[in-house]
Amino acid sequence: MRIVIADAHRVFAEALTSLLRRAGHEIIGCATDLSSAAALIEAEQVDLCVMDISLPGTGELGAIAQMIR
């Protein structure tokens, strides 16, 4: 599975990346803000985005909906 990880805490994102890679998934990239996550999702064909709901900008549902279109 091709995954993007979006979390403001880089250390957590890297730990999750390591865990998911060991499980056989392809991590496309990590983002620390919503706009970077959106850019990764738009540029790459991903299957999943693991996102911290408290990531700056995620409180606006319209922004998230726009990312997944």
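One is the number of the first residue; the rest follow in order along the sequence. Worth saying up front: this structure is predicted, and the values here are computed from it rather than measured.
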Legend entry - Joint hydrophobic cluster, L48 plus F12, side-chain heavy atoms closer than 4.5 Å: yes
Legend entry - Results of salt bridge (charged side-chain N to carboxylate O under 4.0 Å, His left out) for E26 - residues two or more places apart only: R2
Could you list the residues that satisfy side-chain contact (heavy atoms from CB on, under 4.5 Å) with [X], not counting sequence neighbours?
X: R10; answer: E14, C30, T32
X: A8; answer: L55, P56
X: S18; answer: R22
X: L20; answer: I3, I5, L16, H25, I27

Inset, instruction - Please determine which of D52, V50, D33, T17 meets the side chain to side chain contact (heavy atoms under 4.5 Å, CB included) test together with D7. - result: D52
Inset, instruction - With sequence neighbours left out, write down each residue that passes side-chain hydrogen bond (donor to acceptor under 3.5 Å, both in side chains) with D47, or none if nothing qualifies. - result: none
